[in-house]
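Single-structure report; data block below.
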2 protein chains.
Amino acid sequence: MMSSIQIQPVAPAQTSAMQEHNHCATCSLHKLCLPTGLGDDEMSRLDSIIGRRRRVQRGTNLYRTNDPFTKLYAIRVGHFKTFQINAGGEQQITGFQMPGELLGMDAIGTGRHHCGAMALEDSEVCEIPFAKLEVLFAEIPQLLRHFHRLMSQEITREQNAMLLLGSMCAEQRLAVFLVNTGARYAARGYSANNFQLRMMREEIGNYLGLTIESISRLLSRFKKRGLLKVSNREIEILNPMILRAMAAGTELSR
Amino acid sequence: MMSSIQIQPVAPAQTSAMQEHNHCATCSLHKLCLPTGLGDDEMSRLDSIIGRRRRVQRGTNLYRTNDPFTKLYAIRVGHFKTFQINAGGEQQITGFQMPGELLGMDAIGTGRHHCGAMALEDSEVCEIPFAKLEVLFAEIPQLLRHFHRLMSQEITREQNAMLLLGSMCAEQRLAVFLVNTGARYAARGYSANNFQLRMMREEIGNYLGLTIESISRLLSRFKKRGLLKVSNREIEILNPMILRAMAAGTELSR
DNA sequence: CGCCGACTTGACATTAATCAAATGTAGTGG
DNA sequence: CCACTACATTTGATTAATGTCAAGTCGGCG
């Protein structure tokens with residue numbers, strides 16, 4: 001249930017994901033991440049500016065709201081949530097991030113982070129100094145183009161979240177969340193219909209603009225109807241067709 | 001109540017905003033728009049790639065969801081809304097745009113527009129061919145940097161909308177909307193406390209995840225409490241302090 | 001074994017939606 | 001200028017969806 005990485009032995013790392021001197025070229029995520037579309041030479045130039053791989057323990061902040069912005073972060077291992085804090089001190093989660101995704105793009109505008117980012121499990125990120133990245137943009141047009149693509153995707157992702165929060169009922173929101181989460185795992189080579197949630201029910205609810213009780217009830221209802229198998233944070237989608245229809249708003253209960 | 005531009009005489013234009021051959025340098029919005037921070041020379045190079053000024057009549061689409069993306073649009077005159085259409089054919093408005101703002105950045109990722117954009121009044125935009133802009137990026141680092149700032153701001157704007165939709169009650173949402181709208185007019189040299197709404201109540205409600213009836217009731221309530229003067233679409237904020245406190249969630253009714 | 005935090009479930013309350021008029025406003029044509 | 005029409009908006013009554021509060025239950029860990 002917990003992340004596999006707990007206490008890191010000083011001994012030589014075992015898996016490729018844990019080696020200290022990994023490079024984009026050997027990273028299984030380079031099809032999703034910043035170096036997408038680069039040739040070998042360009043990729044190694046990008047590699048050369050990436051400072052270090054940094055471990056982030058479960059529950060610790062990669063950065064906090066208002067921290068000065070100097071780096072983007074590419075998730076190599078693990079999951080994160082990003083969130084804002086309102087005047088009352090409560091958090092609103094604005095997204096969950098997976099390996100291969102970029103964190104920190106919202107900070108470019110003001111030079112300060114606009115939201116906080118916390119690891120949902122023991123994680124590892126590549127630090128990308130933004131000033132150095134800007135130098136590379138001038139030299140590698142492909143890189144710049146893909147960076148624009150990523151920022152734009154971030155915008156559409158958030159517009160989709162607005163659609164969800166602004167116009168969907170609770171049931172539909174959760175269906176969308178489950179279908180999307182599965183699709184994102186599928187893009188990473190995992191099963192779309194069988195995955196482990198990395199966040200608490202409360203965090204799902206927070207993200208979807210619902211309470212923990214609503215999430216719990218909805219999961220139970222989905223289970224009762226045979227759409228899902230749920231065991232703790234383990235999700236199996238038994239009827240993807242109907243779940244997708246619910247997410248699209250085509251098929252809502254009663 | 002309507003836009004001042006109705007039928008365009010073929011005679012020489014009267015105001016600077018209506019001249020055919022305007023340039024960024026003479027545009028009152030260049031402090032907000034894409035050329036921000038450029039020198040005279042660079043600005044005229046940007047100018048040279050801007051195809052033409054295009055009029056967009058009230059109620060017509062600048063682009064629609066799924067249209068191929070070739071240009072960004074800078075609003076010169078008028079107001080727009082951007083929106084998505086869900087499976088049921090209803091729209092969800094994702095933003096209202098003002099002069100000086102850039103439209104179309106969400107389309108860079110896929111090469112197709114992800115939402116539609118419709119003029120709320122007779123409007124005018126500068127067309128910016130994106131392929132040509134990319135060439136300029138390589139030559140004018142200042143321009144690239146500011147473009148990144150604008151995209152990033154778009155991300156934070158949408159994150160703020162998520163905060164609003166995900167965690168605020170109806171009253172707070174409308175207070176935030178009014179305060180933000182005023183602030184945006186203030187950034188353009190107009191009054192923050194005295195402005196005209198360019199959209200229908202229904203569109204405000206749609207954007208805020210509420211119904212038209214809720215908006216109407218809330219406006220009446222604000223009026224009754226002496227926070228606002230409302231006459232059709234004309235808004236005067238009589239008590240900005242309290243309205244801001246409501247927007248921050250500090251001061252909610254009873 | 002027992003504690004603690006996460007989750008589930010039930011009863012009830014509340015917010016905002018829905019439904020239904022009534023009223024106001026802008027534009028049109030006589 | 002006025003009557004007429006088509007919308008847009010306001011207001012009231014009622015309902016439905018989701019939140020809140022309050023027990024419980026489950027599962028992992030010391």
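So you know, we letter chains A, B, ... as the sequences are listed, proteins then strands, and number each from 1.
To the nearest angstrom, P of C/dT8 lies 12 Å from NZ of A/K224. When rounded to the nearest whole Å, the span between CZ of A/F222 and P of C/dC7 equals 17 Å. Rounded to whole angstrom, the span from the CD atom of B/E202 across to the P atom of D/dA6 amounts to 18 Å. The nearest whole Å value for the distance from the CG atom in A/L210 to the P atom in D/dA17 is 14 Å. For the pair A/L218 CG and D/dA17 P, the interatomic distance rounds to 12 Å; values are reported in whole Å. When rounded to the nearest whole Å, the span between CD1 of A/I204 and C1' of C/dT8 equals 14 Å. If you take CD1 of B/I212 and P of C/dA17, they are 12 Å apart, rounded to a whole angstrom. Residue B/L208 contributes atom CG, which lies 11 Å from atom P of C/dA17 at whole-angstrom precision.
Candidate nucleotides C/dA16, C/dT8, D/dT10 were compared by shortest atom distance to the side chain of B/R201, and D/dT10 ranks first. Considering only the side chain of A/R217, D/dT20 comes nearest among C/dT18, D/dT20, C/dT8. Considering only the side chain of A/E213, C/dT9 comes nearest among C/dT9, D/dT9, D/dT11.
Taking side-chain N and O atoms only, B/S220 has a distance below 4.0 Å to OP1 or OP2 of D/dT11. OP1 or OP2 of C/dA17 has at least one side-chain nitrogen or oxygen of B/S214 nearer than 4.0 Å. Distances shown here put a side-chain N or O of B/T211 below 4.0 Å from the OP1 or OP2 atom of C/dA17.
Using a 4.0 Å heavy-atom cutoff across all strands shown, A/G205 reaches no nucleic acid atom at all. A/L219 comes within contact range of no nucleotide atom at all, as no heavy-atom separation falls under 4.0 Å. Residue B/I215 is out of contact with every strand shown, counting any heavy-atom pair closer than 4.0 Å.
Among the candidates A/R58, A/Q196, A/Q57, A/H79, the single residue satisfying the side-chain hydrogen bond (donor to acceptor under 3.5 Å, both in side chains) test with A/E121 is A/H79. Of the candidates A/Q153, A/E154, A/H114, A/E154 is the only one forming a side-chain contact (heavy atoms from CB on, under 4.5 Å) with A/M105.
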Q | Stepwise side-chain contact (heavy atoms from CB on, under 4.5 Å) check, B/K81 with B/M199 | A | CA-CA 9 Å; B/K81 65 174 174 182; B/M199 69 295 287; over 6 Å; no
Q. Are A/R53 and A/R76 close enough, and set up right, to give a side-chain contact (heavy atoms from CB on, under 4.5 Å), and what steps lead you there?
A. CA-CA 8 Å; A/R53 273 72 189 188; A/R76 182 194 254 310; 3.1 Å; yes
Q. Are A/L208 and A/L164 close enough, and set up right, to give a side-chain contact (heavy atoms from CB on, under 4.5 Å), and what steps lead you there?
A. CA-CA 8 Å; A/L208 297 177; A/L164 180 141; 3.8 Å; yes
